[in-house]
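Convention: sequence-line order gives letters A, B, ...; per-chain numbering from 1. Remember, predicted model here, so these are calculated numbers, not experimental data.
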Amino acid sequence: MAEKKEERYEDSELYRIRHSAAHIMAQAVMEMFEPGEAQIAIGPPIAEGFYYDFELPRPLTPEDFPAIEKRMAEIIKEGHKFEKKVVSAKEAKKEFKNQVYKVELIEGLENGGFDEYGEPLDGPPEISFYTHDNFTDLCRGPHVEDTSKINPRGLKLMSIAGAYWRGDEKRPQLQRVYGTAWKTPKDLKRHLWQIEEAKKRDHRKLGKELQIFTFDEEVGPGLPLWSPRGAAIIEELEKLGFEMERKRGYQRVRTPHITKSDLFLRSGHLPYYEESMYPAMEMEGVSYYLKPMNCPFHHKIFASQMRSYRELPMRLAEYGTCYRYEKSGELFGLMRVRSMQMNDAHIYCSEDQFEKEFMAVIDLYLEYFRIFGIEKYVMRLGTHSQAGLGEKYVDNERLWNKTADMVRDAMRNGGIPFVEEADEAAFYGPKIDVQIWSAIGREFSLATNQVDFAQPERLDLKFINQAGKEDVPLCIHRAPLSTHERMIGFLLEHYAGNFPVWLSPEQVRIIPITDKHNDYAVHLQKQMFDLGMRVEADLGSERMGAKIRQAQGFKVPYMLVVGDREVEEETVSLRRRDGEKINDMPVGKFVELMQERIAERSSDL
RNA sequence: GCCACCGUAGCUCAGUUGGCAGAGCAAUCGCUUCGUAAGCGAUAGGUCGAGGGUUCGAAUCCCUCCGGUGGCUCCA
């Protein structure tokens, strides 16, 4: 059993099943068109299935699925062997002379550059075909022995999407058909059930049900409106941020939402980041931009006075509201929006201080993650790409390499595991992002810790060093709590809406059994409200069961049932969100318990 | 932005081949006064996302736009 767990996905039977299913699907799709009409691109297995990319004379729709699935089942039933044949590049190109994408792939292989997914290769690759029935594909395998090894009832076509050839939006867009494949119908059913379950904890659904936030067509896409319940969560996050940062020597600043274009020109935003910015607005012949980031403003505060090395590291923090023009198709609930408030700060330091400051930020991440119980994440070092220099990255390769090394060293010295990914940096420097996954499996960067060697120089930031000479500071941009939007989107899914007490939009709901007990309920409500708690009393004429049901629906952590007994004895009967009951608790004891839980930001109920 | 799909009451969703717009929940008003997940009744609520077209007649067919979903690209 343990051995099985160790098996790499690439070596598994499931991988071969899915890879083979992709070929079979490609055959079925090609047969729908006249010979030569359909172009095929690539069709790999993926995490939970497979896809194949096509260029076809007409768009496919989900209505085509039954016919394709039916044909796939036939091919499977016929039990065609998968046969491998190693060929020369010349033979390969001859076989695929009418398939432009395949020819491009073969050329990539023969020039030793790239594999079929466009990834760079080291050694000289072997070129091979796999053939089953009448369908031959350029493919390195592996596959199942023959098509009958696939269970047609473990297989399902899922969706159609546009996908750019080689992932490049300047190249043709192909039609990608996604499918899922499992060993048994039972596995497929479980997979489909899991998808349904994941949808239940989708923050877009929970956010609506729990009345955390809303979007309005008239306000605009990607511009969330926070309702009182959502705003309560924001306030708690900010409170936490203030506390943590105060202890760690940060100072608060505040800056405007717009600035003259001159500043963004100089900072590098207009040259390297303009695509993500709202267009300029003009007043009296001057153009202004909404800020996509807070950094230039903080830099200007740094630059507003002569700075001494004695002032460093200087840590300027702000929950700044930024606006980014994300393309319409990129928006995603709260996770990807156009207006966002960042848990932002900029740390100005000397090169000597860099490692300590950078790792203090990483420690801060870990501290936050402990509080929230976040365990599933990956830290990723995003570095520049040579191709992007002068385009999406400031053009100074020496400093790119130097600062990336500084980050690598710092992370290794601190013993923090990370993966590295080229072409994932900010325009002004390398960064460590914390990658997390949404309920439906999309990947996002949550926290970020970024080096900025570019803006300090561009904006002429300086300090007087110990030798009495002018020096340029390094800057660390950091947002350990991400943006309110993405953080709360993530937390909604992380907790499945069951926020710990300190974060709960409504911490206590008081439920009088009959309206005789309303006065007592109001009395309790006021008492707790005055202590700063978020507490409601349900004075409706519903029966208690219905009131409990409603409170459960809002995932209120504590429900207090009060009737004759409680009124008489100055107690409450506690029902927790998880169904636990503690009857006849003295009011004072409950309040004490609450305050303790809230103060320590406990994840226990 | 691009490809495919979707848009009916505040929410979840019915609405056959084009023929008078529906249900449950929520809301409001009554009644009910109840011990740990739905008490009963009544009322109100919709330019069927918007605009245009086809038709005797459009929620239903066609076009454009807006918004959303799944992807691609991109990202805190």
Side-chain angles (χ1 to χ4, degrees), chain A residues 51 53 59-64 158-178 195 199 202 204-205 208-209 211 214-222 273 275-276 292-293 322 324-337 340-344 382 392 424 426 431 433-436 440 442-448 450 477-487 489-490 511-518 541-553 559-566 573-577 579-581 583:
Chain A
Y51 67 79
D53 286 349
L60 290 174
T61 80
E63 285 168 25
D64 293 311
M158 302 297 283
S159 62
I160 297 162
Y164 299 106
W165 169 235
R166 288 268 159 104
D168 183 345
E169 65 181 323
K170 291 180 193 75
R171 308 208 57 186
Q173 191 169 48
L174 308 173
Q175 297 189 58
R176 176 171 296 177
V177 180
Y178 281 94
I195 292 174
K199 282 184 189 161
D202 188 315
R204 293 167 296 184
K205 183 173 158 64
K208 189 185 275 184
E209 285 169 3
Q211 298 174 12
T214 184
F215 286 98
D216 186 288
E217 267 195 45
E218 267 184 300
V219 176
Y273 200 76
E275 222 179 57
S276 300
M293 298 185 195
C322 296
R324 297 183 183 174
Y325 197 86
E326 308 288 354
K327 292 182 196 165
S328 56
E330 295 167 346
L331 300 173
F332 178 74
L334 282 181
M335 300 285 212
R336 192 77 184 274
V337 291
M340 69 208 83
Q341 205 172 351
M342 284 195 263
N343 170 233
D344 210 359
K392 43 195 283 211
E424 291 289 343
K431 60 178 180 174
D433 280 343
V434 177
Q435 304 297 116
I436 51 91
I440 61 165
R442 267 198 227 183
E443 189 183 69
F444 288 95
S445 298
L446 196 67
T448 188
Q450 314 177 335
H477 302 222
R478 42 111 282 176
L481 289 177
S482 187
T483 59
H484 287 328
E485 290 72 20
R486 189 169 287 180
M487 190 71 193
F490 171 76
I511 297 174
I513 290 175
T514 79
D515 56 13
K516 277 192 305 200
H517 313 113
N518 281 1
S541 67
E542 259 79 13
R543 300 202 318 194
M544 181 196 52
K547 290 182 184 178
I548 286 172
R549 190 183 151 81
Q550 267 184 8
Q552 289 282 160
M559 285 153 266
L560 300 181
V561 176
V562 294
D564 287 340
R565 230 165 51 216
E566 288 77 9
S573 282
L574 170 62
R575 180 198 161 95
R576 300 196 318 205
R577 181 171 59 199
E580 282 291 306
K581 280 161 242 165
N583 285 337

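Across all strands, Lys208(A) comes closer than 4.0 Å only to sugar-phosphate atoms, never to a base (heavy-atom distances). Here Gly545(A) lies in heavy-atom contact (under 4.0 Å) with sugar-phosphate atoms only. Among the protein residues, Lys205(A) comes within range of no part of the nucleic acid, since none of its heavy atoms lies under 4.0 Å from any strand. Counting any heavy atom pair closer than 4.0 Å across all strands shown, Asp344(A) reaches no nucleic acid atom. Glu566(A) comes within 4.0 angstrom of a base, heavy atoms only. Nucleic acid contact class of Met340(A) (heavy atoms, under 4.0 Å, all strands): base. Note on Ser482(A): only backbone sugar-phosphate atoms sit closer than 4.0 angstrom, heavy atoms only; bases stay farther off. Contacts of Ser573(A) with the nucleic acid, taken as non-hydrogen atoms under 4.0 Å apart, include base atoms. Within the 4.0 angstrom heavy-atom criterion, only backbone atoms of the sugar-phosphate kind lie near Tyr178(A); the bases stay farther away. If you check every strand for non-hydrogen atoms under 4.0 Å, Ile511(A) touches nothing. Residue contacts for Ile440(A): at a heavy-atom cut-off of 4.0 Å it reaches the sugar-phosphate backbone alone, with no base atom in range. Within the 4.0 angstrom heavy-atom criterion, only backbone atoms of the sugar-phosphate kind lie near Gly167(A); the bases stay farther away. Ala161(A) comes within 4.0 angstrom of a nucleotide base, judged by non-hydrogen atoms across all strands. Across all strands shown, Arg204(A) has heavy atoms under 4.0 Å from sugar-phosphate atoms exclusively, and none from any base.
Residue Lys392(A) has no polar side-chain atom (N or O) positioned under 4.0 Å from OP1 or OP2 of C74(B). Contact annotation: Arg442(A) side-chain N/O to G71(B) OP1/OP2 distance is under 4.0 Å. A close approach under 4.0 Å does not occur between any side-chain nitrogen or oxygen of Lys581(A) and OP1 or OP2 of G35(B). When the side-chain nitrogen and oxygen atoms of Thr61(A) are compared with OP1 and OP2 of A4(B), none of them lie within a distance under 4.0 Å. For Arg543(A) and G39(B), the shortest distance from a side-chain N or O to OP1 or OP2 is below 4.0 Å. Contact annotation: Arg549(A) does not reach the phosphate of U36(B) (side-chain N/O to OP1 or OP2, under 4.0 Å).
The side-chain tip of Arg486(A) does not point at the ring of Phe444(A) from less than 6.0 angstrom away and within 45° of straight on.
Inspection of the Gln341(A) and Thr483(A) side chains reveals no N or O donor paired with an N or O acceptor under 3.5 Å.
Side-chain atoms of Arg336(A) come within donor-acceptor range of the base of C74(B), with a qualifying N/O pair under 3.5 Å. A donor-acceptor contact under 3.5 Å links the side chain of Glu326(A) to the base of A76(B). Between the side chain of Gln173(A) and the base of C2(B) there is at least one donor-acceptor pair of N/O atoms closer than 3.5 Å. The base of C75(B) has none of its N or O atoms less than 3.5 Å from a complementary donor or acceptor on the side chain of Arg324(A). Contact of Arg575(A) with A37(B) (side chain to base): a donor-acceptor pair of N or O atoms is detected under 3.5 Å.
Taking only side-chain atoms of Arg565(A), from C-beta outward, the nucleotide of G1(B), G35(B), C3(B) with the closest atom is G35(B). Comparing C66(B), G35(B), C2(B) against the side chain of Tyr164(A) picks out C2(B) as the nearest. Taking the side chain of Ser541(A) as heavy atoms from C-beta on, and the options C31(B), A76(B), A38(B), the nearest nucleotide is C31(B). Closest contact between the side chain of Glu169(A) and the listed nucleotides A38(B), U73(B), G67(B) involves U73(B). The side chain of Thr514(A) lies closest to C34(B) when the candidates are A37(B), C34(B), G70(B).
Salt bridge annotation for Arg166(A)-Asp168(A): absent, with no cationic side-chain nitrogen under 4.0 angstrom from a carboxylate oxygen. Look at Lys327(A) and Glu169(A) and you find a salt bridge, because one of the NZ, NE, NH1 or NH2 atoms lies within 4.0 Å of a carboxylate O, short of that distance.
Separating the CE atom of Met335(A) from the C1' atom of G68(B) is a distance of 17 Å, rounded to the nearest angstrom. The nearest whole Å value for the distance from the NZ atom in Lys327(A) to the C1' atom in C72(B) is 10 Å. Regarding Met158(A), its CE atom lies at a distance of 14 Å from the C1' atom of U69(B), rounded to whole Å. One interatomic measurement links the two molecules: CD of Glu218(A) to P of G49(B), which rounds to 16 Å at whole-angstrom precision.
Position along RNA chain B of the nearest nucleotide to Gly553(A) versus Glu330(A) favours Gly553(A) as the more 5'-ward residue. Each of Tyr273(A) and Pro221(A) lies near RNA chain B, and the nucleotide nearest Pro221(A) is the one positioned closer to the 5' end.
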Give the dot-bracket line for RNA chain B from 5' end to 3' end: parentheses for intra-strand Watson-Crick or G-U pairs under 3.5 Å, square brackets for crossings, | for inter-strand pairing, dots for unpaired.
(((((((..((((.....[..)))).(((((.......))))).....(((((..]....))))))))))))....

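With P as the reference atom, A37(B) and A76(B) are 46 Å apart, rounded to whole Å.
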